[in-house]
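Notes to accompany the following structure.
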Amino acid sequence: MIELSGVEKHFQGQVVVHPLSLTIKEGEFLTLLGPSGCGKTTILRMIAGFEQPTKGKILLDGADLTSLPPNRRDLNLVFQHYALFPHMTVEDNIAFGLKMKKLPAKEQQARVEEAVAMTQLTPLVKRYPHQLSGGQQQRVAIARAIANKPKVLLLDEPLGALDLQLRKNLQSELKHLQRSLGITFVYVTHDQEEAMMLSDRIVIMNGGKVEQIGTPREIYAKPTTLFSATFVGENNIFSQDGRLFAVRPEKLVAVRGTEGAKRTGEVLDVLYLGSIHKLIVQLDDEPMTVSIAFDFTDDRPWNVGEKVGVAWNSEDEVVIGS
Ligand SMILES: Nc1ncnc2c1ncn2[C@@H]1O[C@H](COP(=O)(O)OP(=O)(O)OP(=O)(O)O)[C@@H](O)[C@H]1O
Ligand SMILES: [Mg+2]
């Protein structure tokens, strides 16, 4: 549905987005995930039309968008900072784009009502932005975008400014909204947990380059690069005979003695994290620690300073490139 073909962006001669080709499917929840400065916002702004690619093409439903201005593209961008009009009520903020498009008043009203109901803002429609909490303001920004009924909604860290609890609530609301609207979402975040929870597919970016594209499950179970192996979830990277492989903490087993152990070490820390326990182990022959997670209580607890063997099944080794 959206096709990026060899899209590249340079700023002052510096490459900020390396050639990127990507097809986003209709109704898909696609997330761009990566650390600060890796080019996520720049990609979103190119799709939205606020930024021109230095090279390459962007197609929507087969039509070349590259030279169309933002208001001629059938998509909407929700910014990290809500960007509401402070002198307008909630409903006027939501209706703003519809007024600009000169939609009939009846249609405007129906769309505002629908968007307000979907984002649970009904009791707040007469308020001004300064009378709303951050999460409520962000819901207004989202309602304003969906009232336009775009084919595609672009969201740039829409929950970035909110506290954890509110983020969690809005995450599930967003996912629900996306499912019920059937709109394609292109979502930007640097929060890997958020990306895992919301997305159909994740594009992992690093320094303007794509590291890996895959479903959350693929990215967790089969990271293809060192960066994706360590950026999403905790991982242990081992090197052996000139190759690198990763083993997740829950795939490692702590054993007493050396039988079956592939490495040995000393317990550096014992962490009780509610449902799981974790051992941090300093390996004997390598300057690295590994993390072992287990979800049951050992009948004999581990102590700091104790010798420990580290075992795993060979099939849980995920070979990665560099
Ligand atoms: N208008 C501009 N002129 C020059 N450099 C820019 C411009 N916009 C962005 N950049 C640079 O491009 C790179 C990518 O920026 P971008 O905003 O896309 O990153 P991001 O992944 O969205 O980061 P964050 O998570 O911090 O929002 C950065 O190094 C940034 O400094
Ligand atoms: Mg950004």
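Order of listing sets the numbers, starting from 1, for every ligand and every atom in it. Keep in mind the model is a prediction, meaning the values are calculated, not measured.
Remark: Lys101 does not engage Glu107 in a salt bridge, criterion side-chain N to carboxylate O under 4.0 Å. Note on Lys25 versus Asp200: no salt bridge recorded, every NZ/NE/NH1/NH2 to OD/OE distance being 4.0 Å or above. Remark: Asp269 does not engage Lys278 in a salt bridge, criterion side-chain N to carboxylate O under 4.0 Å.
Below 4.0 Å from some heavy atom of Thr41 lie the following atoms of ligand 1, by number and element: 17 (O), 18 (O), 20 (P), 22 (O), 27 (O). Taking every non-hydrogen atom of Cys38 and a distance limit under 4.0 Å, the qualifying atoms of ligand 1 come out as 19 (O), 21 (O). Distances below 4.0 Å separate heavy atoms of Gln12 from the following atoms of ligand 1: 4 (C).
With distances taken over non-hydrogen atoms, the option nearest atom 16 (P) of ligand 1 out of Leu33, Thr42, Leu32 is Thr42. For atom 29 (O) of ligand 1, the choice among Pro35, Gly208, Gly37, Ser36 with the nearest heavy atom turns out to be Gly37. The residue among Lys40, Gln14, His10, Lys9 with a heavy atom at the shortest distance from atom 25 (O) of ligand 1 is Lys40.
Side-chain N/O atoms of Thr184 and Glu28 include no donor and acceptor closer than 3.5 Å.
The backbone N or O of Ser21 sits nowhere less than 3.5 Å from a side-chain atom of Glu3 that would complete a donor-acceptor pair. Asn148 places no side-chain N or O within 3.5 Å of a backbone atom of Pro150 that could act as its donor or acceptor partner.
Between Gly34 and ligand 1, a contact under 3.5 Å exists for no N or O pair. Taking only nitrogen or oxygen atoms, main chain and side chain alike, Glu51 does not reach within less than 3.5 Å of ligand 1. For a threshold of 3.5 Å applied to N or O pairs, the pair formed by Gly39 and ligand 1 contains at least one separation below that value.
Between His277 and Phe294, the ring planes lie perpendicular to each other; the angle is over 60°, past the 30° to 60° tilted range. Relative orientation of the Phe245 and Trp312 rings is tilted, given thresholds of 30° and 60° on the angle between their planes.
Using 4.0 Å as the threshold, Glu157 has a heavy atom nearer than that to some atom of ligand 1.
Contact annotation: for Val16 versus ligand 1, heavy atoms closer than 4.0 Å belong to the side chain alone.
Among the backbone and side-chain atoms of Thr42, none of the N, O or S atoms lies under 2.8 Å from the Mg ion (ligand 2).
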